[in-house]
Amino acid sequence: MSLKPLSEYTDEELIIEFKLNRTEAAFQILVKRFKSPLFNFVYRFLGDYELCSDVVQETFIRVFRNVDSYKNIGKFSTWIYTIASNLTKTEYRKIRSSKNFSISNFGQEGEDYEISDSTYRPDKIVESGQTGELIQKALLEIPEQYREMVILRDIQGLAYEEITEITGLPIGTVKSRINRGREKLQKLLKNV
Amino acid sequence: MNTENFNNKEEEILKALAKLEKVEPTEELEEKIYNRLDPRILLQWFSFSKGGTLGMALVIVLSLVFVVTESYQRISYIYDYKEGKEAVFQEESTVIPASEDTRSLLKIDKISRFSPKVKKDSVKVKSSP
């Protein structure tokens with residue numbers, strides 16, 4: 001490997017360095033690079049700061065523990081996003097089942113119908129003058145399969161190809177879910 | 001940030017999504033990760049690293065040495081006992097003799113530590129019919 005400092009390594013070089021030589025500094029740099037993007041992704045999905053912190057911690061611990069399963073064929077970012085995404089969805093389902101936040105009922109197109117959370121009051125949110133909060137509430141209202149796509153594409157700014165790798169879905173499905181997610185978001189925000 | 005008009009305008013929503021404020025994790029997040037990883041680092045060190053392999057080998061060798069020496073000592077004790085050298089153990093043991101007062105108090109003349117006497121009368125042997 002080249003003699004450049006670790007901080008100049010690419011993500012893939014760092015994870016390989018950590019995998020082969022157990023260089024703890026390489027892992028620490030990866031934590032520094034990815035903690036904020038992952039935190040944003042998980043927070044936008046769950047909408048709970050504390051829970052989000054737990055999921056992000058667990059993601060890095062999984063990376064550390066399963067570094068040997070990383071194969072240097074894909075981007076490190078897609079690998080870590082896949083881990084975070086799986087953990088987030090598991091956590092979200094736990095909350096949903098424990099709080100009875102919504103009921104799932106498969107319709108003709110296999111989509112989830114969710115009962116609106118009573119805390120979602122666009123009029124009240126508008127009064128507070130916080131667009132961010134308004135969008136966050138609306139995001140939490142749309143079904144998880146669309147929410148994930150919208151967050152990855154429109155908030156995190158990932159490419160379609162990266163999203164297909166993260167989710168393991170065909171590109172056509174990814175694109176249609178993004179569009180449907182946007183439509184749902186637009187409907188929710190229309191009356192504002 | 002002020003509210004914007006989202007009426008049927010996808011572009012505006014997309015812009016708003018892109019402009020969403022970044023939610024930053026607390027400073028303690030990294031610390032928590034490393035704290036949770038500490039014992040794992042040790043395990044990993046023992047399991048995978050080169051130094052870990054040497055360390056593990058050293059632990060195994062020391063354990064073997066301990067087991068071998070301990071077994072040898074036990075075997076030699078048994079051997080000595082069979083050879084009639086058990087008295088050596090009695091000499092080495094530090095039995096503090098009871099004082100005269102204690103003896104009189106307990107009404108005993110001898111301290112028979114290793115061979116308690118059993119009265120022959122107290123042992124009844126059942127004879128088979």
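Letters A, B, ... are given to chains in the order of the sequence lines, protein chains preceding strands, and every chain is numbered from 1.
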Validation row: A:Leu140, A:Arg147 side chains within 4.5 angstrom (heavy atoms): yes
Under 4.5 Å from a heavy atom of chain B, the part of A:Gln156 involved: neither
Which residues share a side chain to side chain donor-acceptor pair (under 3.5 Å) with A:Ser36, sequence neighbours left out: B:Glu24
Only pairs under 3.5 Å count here: list side-chain donor-acceptor contacts from residues 25-32 of chain B, not counting sequence neighbours, and write none if there are none.
| residue | atom | partner | partner atom | Å |
| --- | --- | --- | --- | --- |
| B:Glu30 | OE1 | A:Lys32 | NZ | 3.2 |
| B:Glu30 | OE2 | A:Lys32 | NZ | 3.4 |
| B:Glu30 | OE2 | A:Lys35 | NZ | 2.8 |

Heavy-atom side-chain proximity of A:Tyr160 to A:Ile178 below 4.5 angstrom: yes
Contact leader toward chain B among A:Phe60, A:Tyr43, A:Tyr49, where contacts are heavy-atom pairs under 4.5 Å: A:Tyr49
Closest non-hydrogen atom pair, B:Ala16 against A:Ile135: CB-CD1, 3.4 Å
Proximal component of A:Arg44, with respect to chain B [non-hydrogen, under 4.5 Å]: side chain
Which atoms of A:Gln28 approach chain B - backbone, side chain, both or neither, heavy atom under 4.5 Å: both
Leading residue by heavy atom contact count with chain B [cutoff under 4.5 Å; candidates A:Gln136, A:Glu58, A:Glu183]: A:Glu58
